[in-house]
Protein chains: 2
Amino acid sequence: MESFPWKRFRPARSVRSVQQNGPGAGAAADAQPFRTERPAMENTVTIKDVAARAGVSVGTASRVLSGSTSTSAASREQVRAAAAELGYRPDARARALRSARSHAVALLVSDVRNPFFADIAHGAEQAALASSYVTLLANANEDTVQQDTYLEAFLTQRVDGIIIAPQGEGSGNLRDIEQARLPLVFVDRTVEGFDVPSVTADNAQGVDLALAHLASQGHTRIGFIGGPMAVSTGRARHDAFLRSVARHGLDDDPELIAAGDFRSASGGTAAARLLAARRPPTALLAADSLMAVGALGEVRRQGLRIGRDLALVAFDDIEWFGELDPPITVVAHSARELGETAMRLLLEVIEGRPAESVVLPMELVVRQSSACRQATGEQPSVLLTPGPRPGTA
Amino acid sequence: MESFPWKRFRPARSVRSVQQNGPGAGAAADAQPFRTERPAMENTVTIKDVAARAGVSVGTASRVLSGSTSTSAASREQVRAAAAELGYRPDARARALRSARSHAVALLVSDVRNPFFADIAHGAEQAALASSYVTLLANANEDTVQQDTYLEAFLTQRVDGIIIAPQGEGSGNLRDIEQARLPLVFVDRTVEGFDVPSVTADNAQGVDLALAHLASQGHTRIGFIGGPMAVSTGRARHDAFLRSVARHGLDDDPELIAAGDFRSASGGTAAARLLAARRPPTALLAADSLMAVGALGEVRRQGLRIGRDLALVAFDDIEWFGELDPPITVVAHSARELGETAMRLLLEVIEGRPAESVVLPMELVVRQSSACRQATGEQPSVLLTPGPRPGTA
DNA sequence: CGTTTCCATGGAAACGATTCCATGGAGGAT
DNA sequence: ATCCTCCATGGAATCGTTTCCATGGAAACG
């Protein structure tokens with residue numbers, strides 16, 4: 001496989017595919033094959049070809065193309081032209097192999113299908129792109145084993161750095177990464193005992209904002225739909241809830257606490273459990289948006305109306321939360337900003353600059369789901385007014 | 001940088017990071033730096049080290065580790081042991097460089113934040129993982145330029161294949177990919193004139209299911225919230241709508257058609273436009289889930305009730321669509337299956353096996369948003385019954 | 001017992017880039 | 001004019017792996 005002339009010519013396609021999604025009948029079963037004899041990409045133009053065409057050495061070609069050391073205007077032009085004509089595309093693998101820099105970073109979230117993480121991913125990805133890094137986005141699927149599988153893959157792919165929303169305790173590979181001093185940043189979640197910069201939300205503040213808001217509406221029995229204790233945000237919000245309940249002098253009935261797994265179904269079951277308590281809550285705080293959606297459905301199924309019979313506040317805002325009926329009050333931080341910041345931190349670490357952890361403040365966005373004042377409870381508070389219909393900030 | 005003994009020993013961390021997300025005040029400003037003098041991963045164990053430790057040549061070590069040709073039981077054991085002890089992790093880049101196979105595939109969707117694509121991504125990713133391929137997931141952001149940027153990146157990263165939900169017409173890089181015969185699969189969308197296997201939904205059938213359902217409820221004026229015409233699914237659903245309207249003898253008033261961009265906000269404005277028509281529709285069909293959510297909000301803002309005053313059917317099911325108020329009727333295909341199938345196809349193409357395009361059938365899931373019979377119109381149809389409250393399939 | 005076959009192995013080439021090193025020439029200073 | 005400096009360049013080493021080729025020895029076969 002030398003620099004044969006065939007590299008310059010593109011052979012006409014020899015076989016053709018089938019069935020360009022004809023709007024016809026359902027399942028297609030006939031098998032006109034789509035063939036590719038030579039599986040990988042053929043027709044690769046290497047820097048050697050470019051150099052030959054430009055009439056310079058590969059060294060010079062490389063210098064021009066990676067724009068490092070000084071080159072003459074003449075050869076610069078020659079090489080550029082040759083590269084353009086041949087449609088040269090540098091091989092990132094070869095480049096990375098030699099220069100110990102892949103310009104690829106990895107982002108491992110626990111579930112892309114969770115809009116919160118999708119936003120994080122989006123933010124991080126855009127930030128990476130702006131610095132011309134490629135992002136390998138992967139999905140731990142809320143599963144420690146899969147998390148480890150991907151970390152292993154990132155390690156063998158020799159990415160320049162990793163952003164992770166970690167599951168559980170530090171797995172073996174996570175330790176390896178830290179010890180190998182591969183640039184690593186935690187986003188949204190952290191793991192105890194890891195010496196790694198992180199971007200997180202101020203969970204304590206967020207819980208406090210939510211409870212202060214509900215307390216000011218007269219609620220004293222507030223149910224908490226928490227996240228898994230294996231995740232740092234789950235723990236943090238749970239602990240913050242306890243402290244904040246105490247601070248505001250609310251009922252600290254253990255029956256008012258239920259745990260979910262950050263997915264919508266678990267929010268439903270948790271809500272059911274809370275509502276079945278001997279003295280049910282008059283307001284709910286969900287530690288995550290998807291669980292809030294689940295709770296919303298369950299509450300409605302029980303014939304209660306959120307925003308009238310029961311107040312609901314959720315963590316994490318989502319684009320369409322304002323479109324729900326009723327629009328849901330949230331304590332939120334911009335997930336996109338979380339992702340962007342994490343990527344910024346990672347790139348700084350990669351470039352050897354100092355990076356410090358960031359804690360983003362949370363913000364309360366009042367919508368109609370928490371418009372109801374405490375009414376069903378036993379302490380008859382102020383007369384029930386329609387409540388100031390809050391703008392949908 | 002030779003095979004020095006330090007490779008075996010992990011130097012103690014020399015500097016420490018800061019601030020493990022103390023729940024303290026919001027913005028952290030003090031700057032105890034987190035330093036990484038040696039940016040890339042240090043401490044890399046190569047196959048040479050493994051070979052040396054096992055007392056064999058690198059050739060033998062490679063043969064054992066990649067398990068290709070025959071090796072003696074003795075050396076196999078030696079090499080395995082040495083690799084394990086040293087914590088050897090093969091360098092995927094070097095491996096790919098030599099063997100022209102990276103075991104990485106790329107998936108380019110138009111917007112991860114759209115739950116539909118998040119599901120596709122999830123399905124594809126899991127399928128890839130099962131065949132031990134890594135997935136580079138990227139986000140075209142509904143933007144042709146960014147799509148091209150990522151395709152360029154994939155090309156230089158020398159991925160083994162690409163799955164894409166393409167934007168617009170075939171961009172330059174997309175053509176290059178086809179001509180280079182790099183394995184390529186379209187998912188959900190296609191591009192005219194490309195000779196590439198695809199996995200799509202049977203849009204014509206889907207539209208027809210929806211309209212048949214609405215027509216059977218007595219609706220004759222059905223508003224269509226379409227997608228962008230620059231996207232194949234947008235065009236396909238639009239055309240199918242026109243045909244299906246004709247087939248069922250419904251009103252084909254051009255005022256009943258509005259176009260959005262597959263994001264929730266555009267669904268709201270489209271709904272507003274439709275409802276402002278001289279003779280407004282009694283039912284809406286949205287070409288995408290997010291636009292349906294937007295429409296839902298707008299309709300409610302106008303004081304109408306979906307499922308009572310106005311029927312709504314949407315394309316693409318989402319986990320929490322059943323949790324909305326009212327639960328939304330959809331014509332759906334499993335997005336996860338779409339992703340899985342696309343990945344299966346891609347892997348087949350990569351391995352040189354024949355692959356044929358797949359058209360997945362769509363299914364109607366009746367929920368309450370379409371429970372209302374036509375009532376506001378002028379032709380007094382059958383007496384208004386409560387309508388068979390359909391199960392939430 | 002001699003010859004052929006086959007298998008495991010070591011050494012080296014190759015993959016496609018970057019980077020080091022030596023060199024020749026141009027230009028500036030003396 | 002001579003020397004020194006510096007810049008552009010070609011050639012070669014290198015990154016970590018796979019794969020080709022040659023070889024030595026054991027097994028099989030006559």
Side-chain angles (χ1 to χ4, degrees), chain A residues 1-4 7 40-79 82-83 86-104 155-158 160, chain B residues 1-3 7 40-79 83 86-104 155-158 160:
Chain A
M1 195 189 282
E2 273 310 307
S3 300
F4 273 5
K7 285 192 175 177
M41 198 163 104
E42 57 192 34
N43 185 339
T44 20
V45 176
T46 80
I47 200 171
K48 214 179 293 182
D49 303 318
V50 173
R53 172 139 188 146
V56 299
S57 73
V58 290
T60 306
S62 169
R63 277 180 286 257
V64 169
L65 292 172
S66 48
S68 55
T69 33
S70 49
T71 50
S72 75
S75 55
R76 220 173 312 157
E77 198 166 333
Q78 298 275 18
V79 171
L86 297 178
Y88 168 70
R89 257 182 265 267
D91 185 326
R93 302 167 306 177
R95 182 175 281 195
L97 181 58
R98 177 62 228 243
S99 56
R101 197 55 123 255
S102 67
H103 254 69
L155 246 11
T156 69
Q157 292 285 336
R158 302 285 195 273
D160 288 343
Chain B
M1 194 187 285
E2 273 311 307
S3 302
K7 285 192 174 178
M41 200 164 103
E42 56 192 33
N43 185 335
T44 21
V45 177
T46 79
I47 200 174
K48 214 179 295 181
D49 303 318
V50 174
R53 171 140 188 143
V56 299
S57 73
V58 290
T60 306
S62 169
R63 277 181 286 257
V64 169
L65 292 172
S66 46
S68 55
T69 34
S70 50
T71 50
S72 75
S75 56
R76 220 173 312 157
E77 197 166 333
Q78 299 275 19
V79 171
L86 296 178
Y88 170 69
R89 255 181 267 265
D91 185 326
R93 301 167 307 177
R95 181 175 282 191
L97 180 58
R98 177 62 227 243
S99 57
R101 195 57 120 256
S102 69
H103 253 68
L155 245 13
T156 67
Q157 291 286 335
R158 302 287 196 271
D160 287 343

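Per chain, numbering begins at 1; letters A, B, ... match sequence-line order. As a basis for the values below, the full set of heavy atoms in this structure was taken, side chains included, without hydrogen atoms, waters or symmetry mates.
Residues B:D91 and A:T156 fail the side-chain proximity criterion, which asks for heavy atoms closer than 4.5 Å. With a 4.5 Å cut-off on side-chain heavy atoms, B:T44 and A:R158 count as touching.
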If you restrict it to nitrogen or oxygen atoms, what contacts under 3.5 Å exist between nucleotides 9-12 of chain D and the protein, and what is each distance?
unit_1: D:dT9; atom_1: OP1; unit_2: A:S72; atom_2: OG; d: 2.8
unit_1: D:dT9; atom_1: OP1; unit_2: A:S75; atom_2: OG; d: 3.1
unit_1: D:dT9; atom_1: OP2; unit_2: A:S72; atom_2: N; d: 3.1
unit_1: D:dT9; atom_1: OP2; unit_2: A:S75; atom_2: OG; d: 2.9
unit_1: D:dG10; atom_1: OP2; unit_2: A:S57; atom_2: N; d: 2.9
unit_1: D:dG10; atom_1: OP2; unit_2: A:S57; atom_2: OG; d: 2.8
unit_1: D:dG10; atom_1: OP2; unit_2: A:T60; atom_2: OG1; d: 2.5
unit_1: D:dG10; atom_1: N7; unit_2: A:R63; atom_2: NH2; d: 3.0
unit_1: D:dG10; atom_1: O6; unit_2: A:R63; atom_2: NH1; d: 3.3

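Listed nucleotides C:dT18, D:dT17, C:dA17 differ in distance to A:S66; the shortest reach to its side chain belongs to C:dT18. For B:D91, whose side chain is taken as the heavy atoms from C-beta onward, the closest listed nucleotide among C:dG16, D:dG16, D:dT18 is D:dG16.
A:I47 has its CD1 atom 15 Å from the P atom of C:dC15, to the nearest Å. Regarding A:R93, its CZ atom lies at a distance of 14 Å from the P atom of C:dT18, rounded to whole Å. Per the geometry, CZ belonging to A:R89 stands 12 Å off P belonging to C:dA17, to the nearest Å. The CZ atom of B:R158 sits 8 Å away from the P atom of C:dG16 (whole-angstrom rounding). In this entry the distance linking CG of B:L65 with P of D:dT19 reads 13 Å, nearest Å. Rounded to an integer number of Å, the gap from CG of A:L97 to P of C:dC15 is 14 Å. Atom C1' of nucleotide C:dG16 and atom CG of B:L155 are separated by 16 Å, given to the nearest angstrom.
Pair check for D:dT23 finds C:dA8; Watson-Crick or G-U wobble, both atom distances under 3.5 Å. If you check D:dC29 for Watson-Crick or wobble pairing at under 3.5 angstrom, you find it paired to C:dG2.
Distance CD/B:Q157 to CZ/A:R89: 13.0 Å, rounded to 0.5 Å. Atom OG1 in A:T60 sits 11.5 Å away from atom CD in A:Q78 (nearest 0.5 Å). B:K48 NZ to B:S57 OG: the interatomic distance, rounded to the nearest 0.5 Å, is 12.5 Å.
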Quiz prompt | Derivation and outcome, side chain to side chain contact (heavy atoms under 4.5 Å, CB included), residues A:V50 and A:R53 | solution = CA-CA 5 Å; A:V50 173; A:R53 172 139 188 146; 5.8 Å; no
Self-check item: Pair A:R76-A:T71, side-chain hydrogen bond (donor to acceptor under 3.5 Å, both in side chains): steps then yes or no
Solution: CA-CA 6 Å; A:R76 220 173 312 157; A:T71 50; 3.2 Å; yes
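On a pure distance criterion of 3.5 Å, no polar donor-acceptor pair joins the side chain of B:R98 and the base of D:dT17.
Of the side-chain N and O atoms in A:R95, one or more sit less than 4.0 angstrom from OP1 or OP2 of C:dT18. For the OP1/OP2 pair of D:dT18 and a distance below 4.0 Å, the side-chain nitrogens and oxygens of B:S62 include at least one atom meeting the criterion. Contact annotation: A:Y88 side-chain N/O to C:dA17 OP1/OP2 distance is under 4.0 Å.
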